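See structure below.
All values below come from the heavy atoms of this structure, side chains included, with hydrogens, waters and symmetry mates left out. Source: prediction; values computed, not measured. As the structure lists them, so they are numbered: ligands from 1, and atoms in each ligand from 1.
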Amino acid sequence: MAQTNYRLCVILILHFQNTMKKGSPAQVVTIVADFDRTLTKYIHKGHVCATCHYVLEEGSLPELYKEKARTLRDTYFPIETNPKLSVEEKIPKMIEWWTKSHGLLETCEISRDSIQHCVSSSTAKLRDGCSWFFDELKKYEVPVLIFSAGIGDIIEEVIKQQSTMHDNMHIVSNYMKFNEKGQMTGFQNAIIHVYNKNENAIHDSAYFQNIEHKTSMILMGDSLGDLHMADGAEVDHKLKIGFLNTRVEESLELYKKKYDIVLVEDETLDVPNNLLRSILER
Ligand code: TMP
Ligand code: MG
């Protein structure tokens, strides 16, 4: 089910189509997308699918880790998705979650080589139509930024196994650090969690400077934190597509206020793909 501000969307799509006259898609359009539960499914065949972190939980890590990670998720995921809490109230809790979760992972002696199998045996699943989405954007050389509070190493592996990682795609995420024996020792940079995607430290990267001169952007996310993934990029037109996967009744009005299109319990990329067709293939 799509919930849309139709007038605004039509205007935005017309703007997008007009900008195409000013240059090639590669010059004028950019895509910024979250990963977990945006490019991947929330539900597949009635079962909740894994996020990047949950991929490791499903893998062959010690039972004690799994138990603790599950307890953390049961505590903090309801806070992440609670529409009654403000972002200010959520931020300290998200920092707590990511700090504890990453601290736990550091104790598990994860090997670089185990990631491939963790992903192939996991329930993480790209949305239906995701490969077409990636291929189409590559065809027109439209830059794609995947900006995720998940784990970069897992994202790369999911895309590699279920689709294609093209050279127009760039990932900003939490990347693991490995020692010379290939064992995980921590994470490379400061934590990216769902509500700090607006931080300057992240946006100072060369990649963000590269997208700033585009005129049109499609932003895709499933969390209200994702709305800030492109803060600071001065694009003329930004079309925001939100996936509302859970707590629908209590969150719908808020999502409709914040996103231009809200896709409710939709496990496909059909709407963004149709949009790309209407913009790129004219
Ligand atoms: P995203 O930015 O790609 O959506 O990734 C963030 C998601 O990761 C967020 O919805 C919560 C989830 N997550 C877990 O499932 N387990 C964890 O231990 C942590 C820290 C996050
Ligand atoms: Mg997400």
Which of the atoms of ligand 1 are close to [X], meaning less than 4.0 Å from one of its heavy atoms?
| X | answer |
| --- | --- |
| F35 | 3 (O) |
| T51 | 14 (C), 15 (O) |
| S101 | 17 (C), 18 (O), 20 (C) |

Check this for me: does any side-chain nitrogen of one of [X] and [Y] sit under 4.0 Å from a carboxylate oxygen of the other?
| X | Y | result |
| --- | --- | --- |
| K139 | E281 | yes |
| E57 | R73 | yes |
| E67 | R70 | no |
| R277 | E136 | no |
| K238 | D260 | no |

Proximity to ligand 1 by part of [X], non-hydrogen separation under 4.0 Å:
| X | value |
| --- | --- |
| A149 | both |
| D34 | side chain |
| E80 | side chain |

Self-check item: D236 versus T215, side-chain donor and acceptor atoms under 3.5 Å
Solution: no
Quiz item: Between H193 and N174, does any side-chain donor sit less than 3.5 Å from a side-chain acceptor?
Solution: no
Looking at ligand 1, would [X] count as a contact under a 4.0 Å heavy-atom criterion?
| X | result |
| --- | --- |
| K197 | yes |
| L72 | no |
| R37 | no |

Practice problem: Could you tell me whether some N/O pair between Y54 and ligand 1 is separated by less than 3.5 angstrom? | Solution: no
Quiz item: Hey, is the Mg ion (ligand 2) within less than 2.8 Å of some N/O/S atom on D222?
Solution: yes
Quiz item: To the nearest 10 degrees, how large is the angle at the Mg ion (ligand 2) between D34 OD2 and D36 O?
Solution: 90°
Quiz item: Looking at CD1 of I95 and OH of Y195, how far apart are the two atoms once the value is rounded to the nearest 0.5 Å?
Solution: 13.0 Å
